2 protein chains.
Amino acid sequence: MPKQSAALRPHRQLFADRRRNPDAKREAVLHTAVRIFLERSYARTSMNDVATQLNITKPALYHYFRNKEEILVEIYRLGTDLIDEMLDSIEADEKTGLDKVADFIAGYTRIIAGDFGRAVVRLDDGELSKAGRKLVRARKREIDHRLRALIESGIEDGSIASCDAKIAAFILAGAIHGMASWYEPAGSMDLADITAQYVRMLAAGLAMGGLPALAERQPIAPRRFE
Amino acid sequence: MPKQSAALRPHRQLFADRRRNPDAKREAVLHTAVRIFLERSYARTSMNDVATQLNITKPALYHYFRNKEEILVEIYRLGTDLIDEMLDSIEADEKTGLDKVADFIAGYTRIIAGDFGRAVVRLDDGELSKAGRKLVRARKREIDHRLRALIESGIEDGSIASCDAKIAAFILAGAIHGMASWYEPAGSMDLADITAQYVRMLAAGLAMGGLPALAERQPIAPRRFE
DNA sequence: TGCAAATCCGACCGGCGAGTAAGATATCAA
DNA sequence: TTGATATCTTACTCGCCGGTCGGATTTGCA
């Protein structure tokens, strides 16, 4: 019994009559599905759940998608497209590596705040078939590599302190991905504030010359946990 | 068809004879289950999978656990216990807030590198019943609040730059939680190196006086992504 | 040794969910 | 208006998995 989200109403309307409009209906399915998947997870969402939300029955869905997996793959495609576009435009800029990374952080947080962005991060691609998984993971890997390249360019131009770009990329991406688990568009926190703090804190961690006092910390607590 | 992990061999041995040893066997189930859950996810792992790996049959498992959920809850409990212990010892120290947070980062990465730590972060508590979910989420929330308190103490003592402690905690936790998706104990990356870079980069982002050049960045890219 | 309790197994149940078959109904182009 | 086609529904199949039943076997204590 999925809750009635006001934002999903227009999609229901679309299916109210049987006028032929396959493209719009396909898109309506996607927007509805991604919302439910984010709320309930892909695995725990049945095709019936999606259909019910759209005021139709399960078999009708199979007019627009071959199977459940195709819906998920399409969602991933739309989400990763957004990220790719952002990276395209950042790479085209003439800026220092650090500034590019800062722009990436700002853009990425905003994308992750949207449904399809959140979906890329939060939905479990382990549910996919071998083929689908391979596809999706390749796109994720490509994004990771492009972020690494941004960081490396910053190290070269001296705007970013020397470090392992691979780990740095994991740290940045991880921090932002975390948003997908707690950020709620309808919530009270202002996205601009969140984005600003992400940029400030993470860029500061990357920047040249940071951490003067902490630079020669003694080897951290040698206590054993686990 | 779970792969035969060498590390799981001793647990299989335990069940080779029927000698009475319920505590050790229960623990063996947990260690085996957490490994498989991490590899295949909780939902996609059947009780048969766990039993097979232990060289027993499904009903035998029900001698040690009432149901599948009890296994998962127990895994969460063990994992969060590790984190709680770490926080206990950090809070007992006499250090600046920043140093405490740095110790937290170091300890947390190490815990997340272990099976039960990784499980806390990666396994989906949405699979739990309402009661179980409430329990687990309460413990996670408590950890989050304790981290926030560490950060706030650092802001007060001047070691950490003024910021929203709530968001800062999300950033830290998110960055470290990301590890759970890519770190492999058997892999080639050295845990000490990883931990060191996490501490360096994240502490620098928090520290007072960081980010001199970037301080007055123009409002970040007003482009629209999604 | 004998026997109660612990341990374990083979076979089964019930429910759920993806996907399909076959047919009813509406749309739209001619 | 009419028929070809798209759309949608009702009613199913099939496989998987959590959990249980009843019984067989072993253990360890008296």
Side-chain angles (χ1 to χ4, degrees), chain A residues 1-2 11-29 32-33 36-37 40-75 123-124 126-132, chain B residues 1-2 11-29 32-33 36-37 40-75 123-124 126-132:
Chain A
M1 29 152 187
H11 299 146
R12 297 170 65 99
Q13 289 293 1
L14 243 188
F15 286 90
D17 67 32
R18 293 171 71 161
R19 228 187 301 274
R20 294 179 192 181
N21 197 354
D23 291 353
K25 288 185 178 181
R26 203 181 135 95
E27 204 176 333
V29 172
T32 301
I36 309 184
F37 289 171
R40 248 206 219 351
S41 89
Y42 174 77
R44 288 187 295 275
T45 301
S46 74
M47 289 297 263
N48 250 326
D49 291 337
V50 178
T52 301
Q53 184 75 313
L54 255 11
N55 250 3
I56 54 178
T57 56
K58 179 169 57 160
L61 284 178
Y62 286 84
H63 271 265
Y64 303 99
F65 296 89
R66 267 205 297 268
N67 49 43
K68 196 183 175 190
E69 169 158 348
E70 195 173 281
I71 299 182
L72 183 53
V73 170
E74 192 78 1
I75 288 173
L123 301 187
D124 181 5
E127 299 287 342
L128 261 27
S129 68
K130 215 167 165 180
Chain B
M1 23 140 196
H11 299 145
R12 297 170 64 99
Q13 289 293 2
L14 242 188
F15 285 89
D17 66 32
R18 294 172 73 162
R19 226 185 305 271
R20 295 178 191 179
N21 198 354
D23 291 352
K25 288 185 179 181
R26 203 181 136 95
E27 202 176 334
V29 172
T32 301
I36 309 186
F37 290 170
R40 250 210 221 347
S41 90
Y42 175 75
R44 287 188 295 275
T45 301
S46 73
M47 289 297 264
N48 250 325
D49 289 338
V50 178
T52 301
Q53 184 75 311
L54 255 11
N55 251 0
I56 55 178
T57 57
K58 182 168 53 160
L61 284 178
Y62 287 83
H63 270 265
Y64 303 98
F65 295 89
R66 266 206 298 269
N67 50 40
K68 195 183 176 190
E69 168 157 349
E70 195 173 281
I71 299 182
L72 184 52
V73 170
E74 191 77 2
I75 288 174
L123 301 187
D124 181 6
E127 299 288 341
L128 260 28
S129 69
K130 216 166 164 180

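Predicted model, so just to flag it, every value in this text is computed and none were measured. Letters A, B, ... mirror the listed sequences (proteins, then strands); counts begin at 1.
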Inset, instruction - Measure the shortest side-chain to side-chain distance between Leu72(A) and Lys68(A) over non-hydrogen atoms and say whether it is less than 4.5 angstrom. - result: no

Inset, instruction - Using modelled atom types only, decide if a donor and an acceptor are shared between the side chain of Glu69(B) and the backbone of Ser129(B) within a distance under 3.5 Å. - result: yes

Inset, instruction - Ignoring the backbone of His63(B), work out which of dC8(C), dG18(D), dC8(D) is nearest its side chain. - result: dC8(C)

Inset, instruction - Send over the distance from Lys68(B) NZ to dG15(C) P, rounded to a whole Å. - result: 19 Å

Inset, instruction - Report which part of the nucleic acid Tyr64(A) touches: base, sugar-phosphate, or nothing (heavy-atom distance under 4.0 Å, all strands). - result: sugar-phosphate

Legend entry - Phosphate contact (dT20(C) OP1 or OP2) by Lys58(A) side-chain N/O below 4.0 Å: no

Legend entry - Qualifying residues under side chain to side chain contact (heavy atoms under 4.5 Å, CB included), relative to Arg26(B), sequence neighbours excluded: Tyr64(B), Phe65(B), Glu70(B), Glu74(B)

Inset, instruction - Would you mind building the protein contact string for nucleotides 21-30 of chain D? One character per nucleotide, 5' to 3', B for base within reach (heavy atoms under 4.0 Å), S for sugar-phosphate only, - for untouched. - result: ---BBSBS--

Inset, instruction - Can you figure out which of dC8(C), dT9(D), dA18(C) approaches the side chain of Ser46(A) most closely? - result: dA18(C)

Inset, instruction - Mark yes or no for whether Arg40(A), through its side chain, and Ile36(A), through its backbone, hold a donor-acceptor pair below 3.5 Å. - result: no

Inset, instruction - Return the value, rounded to whole Å, for the distance between atom CD1 of Ile56(A) and atom P of dT10(D). - result: 12 Å

Inset, instruction - Looking at every strand, decide which applies to Ala60(A) at a 4.0 Å heavy-atom threshold: base, sugar-phosphate, or nothing. - result: base

Legend entry - Close side-chain approach of Tyr42(A) to Ile75(A), heavy-atom, < 4.5 Å: no

Inset, instruction - Between dC8(D), dG19(D), dG19(C), spot the one nearest the side chain of Tyr62(A), thanks. - result: dG19(C)

Inset, instruction - Using atom CG of Asn48(A) as one end and atom P of dG19(C) as the other, report the distance to the nearest whole Å. - result: 12 Å

Inset, instruction - Only counting residues at least two apart or in another chain, list the ones meeting side chain to side chain contact (heavy atoms under 4.5 Å, CB included) with Tyr62(A). - result: Met47(A), Lys58(A)

